[in-house]
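First up is the structure itself, then whatever we jot down about it.
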Amino acid sequence: MARFNQAADLINLDQRFRDIIGVPERVINVNLPVKLDDGTTRVFEGFRVIHSTVMGPSKGGIRFAPFVDLDEVKALAGWMTFKCALVGLPYGGAKGGITLNPKVRSTDELERITRAYTRALKDVFGEDSDIPAPDMGTSFREMAWIFHEYSRIYGYTPGVVTGKPLHLGGSKGRVPATGWGVMVTTMKAIEKLGWDPKQTTCAVQGFGNVGSWAAKLLEDQGIKVVAISDHTGGYFRKGGIDVRDAVKFLKKNGSLDGYGGAERITNEELLTMDVDILVPAAIENVITEANAEEVQARLIVEGANGPVSSTADAILDEKGVLIVPDILANAGGVTVSYFEWVQNRRGHYYSEEEIRDKAAPIMIEAFDRVYETHEAYQCSMRIAAYISAIKRLATGIDLEGNF
Ligand code: GLU
C-alpha cells in the first residue's frame with residue numbers, strides 16, 4: 001500500500017478509487033479436515049483472497065508454504081491486480097494459499113489437501129470468475145488435481161485453472177514463462193543502460209521454477225551467472241556457473257546441497273555481492289532497510305513477488321539502482337496463463353513459437369510504457385508501473401459507472 005499511495009499521490013488519484021482499490025473485494029478462509037497417511041486427521045487452514053474483479057475474472061496462484069497467512073495472501077492478491085492491469089490482461093487479481101509444509105507431506109496427502117481445498121472453493125473458482133494457477137510450493141501436478149476435482153463437479157472445465165500439465169490442456173511455454181519474462185525484461189533494461197550482455201554478471205537468488213529458468217535463459221543471452229542459491233545456501237563461481245549442470249544436479253538431488261560446480265556462500269552474501277544484476281526469485285522481503293545499503297548490483301530484476309521491502313526502495317533509489325519491479329518482471333507467467341485459458345476456451349492449441357510471438361510484444365510494450373512513465377514522472381520504475389496499472393484500473397472503475 002505504501003507504493004500504491006505514492007503512485008496515487010503523483011497522479012492525484014481521487015479518493016474513491018483509493019478506497020475501492022485499497023481493500024480486497026472478498027476474503028475467504030477455509031479449514032480443511034484431511035486424513036493423513038498415518039490415519040489421523042489434521043485440519044489445514046487455507047485462504048483465497050479476491051482483490052479485484054474490475055478488469056475481469058480474478059487471476060492468481062496458490063501457494064503452499066508453512067508461513068502462509070492471510071496478510072501475505074492479501075498482499076499477493078493485490079499484486080496480481082496490479083500485474084494483470086499493468087500488462088493489459090482481461091483479469092482482476094487474486095491469490096490463494098494453504099498453511100502447510102509441502103516438503104513433509106506425501107504426494108497422497110498433498111492430493112487430498114488440494115482436492116479438499118478445491119471442493120471448499122467450488123463456488124468461488126470458475127473460468128469466468130476466479131482462475132487459480134501455480135505459485136510457490138505448487139506446480140502443474142496440483143493444477144491437474146484442481147482441474148479434475150472441479151470438472152468432477154461441473155463437467156469438463158479446463159479453463160478453470162492454468163499451469164496445467166500439457167497432457168491436460170496446459171499450454172506450451174507455461175513452465176518457463178515467468179523466468180522467460182524475467183529474461184526479456186532484463187535484456188530490455190540492459191539495453192536502456194547501454195550494457196554489453198557479454199560483459200555483464202548476474203546473481204540469481206532462488207532456484208525454483210522462476211530462478212532456474214531465468215538463470216538458464218540469461219546464460220543463453222551471454223550473461224555470466226556467477227551465483228545461484230536455494231534454501232540450502234548460495235553457490236558462487238567467478239568464471240560463471242554452468243546453469244544446465246546445476247539444474248541437472250537439482251533434479252537428481254532435490255536441492256543444490258552438495259553442488260560441486262561452485263564455492264559455497266550464504267544467501268545473504270549472494271544478495272550483496274559484487275555483480276551487475278541481481279535477480280531475487282525466491283520470497284518476499286529479502287532486501288530490506290537492513291541490507292539495502294550493502295547491495296552492489298546496479299540492476300535488480302524482481303523474479304519473486306515483493307522481494308524488496310518498501311523501506312528498502314528509497315535506499316536503493318538513492319544509490320541509483322535501477323529496479324525492474326515484480327509486477328512487470330514476473331508478469332510472463334500470468335501472461336502465458338492467459339493464453340492457456342484462451343486455448344482451453346477455444347479448444348485450439350498453439351505451438352511454443354506462437355505462444356512466444358504472442359507473449360513477447362505484451363512484455364516489451366509494458367516495459368516500454370513503464371520506462372516512459374518513469375522518465376515522464378521522474379519516479380522509479382516501480383512507482384511508474386503502479387501509475388500505469390492504477391490508471392487502467394481507475395478508468396475501468398469510472399467506465400463501470402456509479403454503482
Ligand atoms: N503465481 C504466479 C504469479 O505470481 C502466476 C499467476 C498466474 O499465472 O495466474 O504471477
Side-chain angles (χ1 to χ4, degrees), residues 47-53 55-65 68 72-98 124-143 146-147 158-165 169-182 184-185 206 208-211 213-214 280-284 301-307 324-344 355 358-359 362-363 366 385 389:
F47 310 93
R48 185 73 179 168
V49 175
I50 314 286
H51 175 260
S52 171
T53 55
M55 306 306 286
S58 52
K59 186 85 191 78
I62 295 169
R63 176 169 291 199
F64 285 1
V68 163
E72 187 195 25
V73 179
K74 274 187 186 166
L76 290 162
W79 276 318
M80 286 309 301
T81 300
F82 296 118
K83 195 184 298 185
C84 293
L86 175 63
V87 293
L89 302 176
Y91 289 141
K95 202 78 167 198
I98 305 181
V124 175
F125 295 160
E127 54 181 358
D128 281 318
S129 51
D130 180 41
I131 307 137
D135 197 78
M136 188 186 296
T138 60
S139 70
F140 60 83
R141 183 181 67 176
E142 287 74 15
M143 302 309 115
I146 294 174
F147 155 65
V160 72
V161 56
T162 62
K164 297 179 295 297
S171 177
K172 298 229 167 83
R174 178 61 185 87
V175 174
T178 311
W180 167 82
V182 169
V184 170
T185 51
N209 183 43
V210 181
W213 274 102
I283 47 169
E284 298 96 272
V301 185
E302 297 183 337
N305 291 311
V324 183
D326 45 11
I327 57 171
L328 173 61
N330 70 36
V334 71
T335 300
V336 177
S337 273
Y338 164 63
F339 289 112
E340 179 174 335
W341 178 80
V342 168
Q343 291 171 90
N344 292 154
I355 293 288
K358 288 179 198 307
I362 293 178
M363 294 300 290

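Indexing begins at 1, ligand by ligand and atom by atom, following the structure's order. Along the sequence shown, residues are numbered consecutively beginning with 1.
- Using a 4.0 Å cut-off to heavy atoms of Lys95, the atoms of ligand 1 that qualify are 1 (N), 3 (C), 4 (O).
- Put simply, part of Pro134 is less than 4.0 Å from ligand 1, judged by heavy atoms.
- Counted within 6.0 Å of CZ on Phe140, heavy atoms from surrounding residues, nucleotides or ligands total 12 or fewer; the atom is thus considered open.
- Ionic pairing of Arg63 and Glu142 is not present here: no N-O contact between side-chain nitrogen and carboxylate oxygen is shorter than 4.0 angstrom.
- The residue Met136 has no part lying near ligand 1, judged by heavy-atom distances below 4.0 Å.
- Pairing each heavy atom of Glu127 with each of Pro57, the nearest pair is O-CG, 4.3 Å.
- Where the criterion is an N or O separation shorter than 3.5 Å, residue side chain and backbone included, Lys59 meets it with respect to ligand 1.
- What you find for Pro280 and Val301 is that their closest heavy atoms are CD-O, 3.2 Å.
- If you number the atoms of ligand 1 from 1 as listed, the ones under 4.0 Å from a heavy atom of Lys83 come out as 3 (C), 4 (O), 10 (O).
- Looking at atom 5 (C) of ligand 1, its nearest protein heavy atom turns out to be Arg174 NH2, 3.5 Å.
- Using the six-membered ring where Trp is involved, His51 and Phe82 have ring planes that are tilted, between 30° and 60° apart.
- Val182 places none of its side-chain heavy atoms less than 4.5 Å from the side chain of Glu302.
- When non-hydrogen atoms are compared, ligand 1 lies under 4.0 Å from neither the backbone nor the side chain of Arg63.
- Between Lys59 and Val334, the closest side-chain pair of non-hydrogen atoms falls below 4.5 Å.
- Atom CH2 in Trp341 sits 10.0 Å away from atom CG in Leu89 (nearest 0.5 Å).
- The two residues Ala329 and Thr185 have their closest heavy-atom pair at CA-OG1, 3.7 Å.
- Close contacts between ligand 1 and Met80 involve ligand atoms 3 (C), 4 (O), 6 (C), 10 (O) [criterion: under 4.0 Å to a heavy atom].
- Within the 4.0 Å heavy-atom shell around ligand 1 one does not find Glu340.
- The shortest contact between atom 8 (O) of ligand 1 and any protein heavy atom is with Ser337 OG, 2.6 Å.
- Nearest protein heavy-atom contact of atom 7 (C) of ligand 1 is Ala133 CB, 3.3 Å.
- Close contacts of ligand 1 with Gly60, meaning ligand atoms under 4.0 Å from a residue heavy atom, involve 9 (O).
- Neither the backbone nor the side chain of Ile131 has any atom closer than 4.0 Å to an atom of ligand 1 (non-hydrogen atoms only).
- Residue contacts with ligand 1 leave out Gly163, since none of its heavy atoms falls under 4.0 Å from the ligand.
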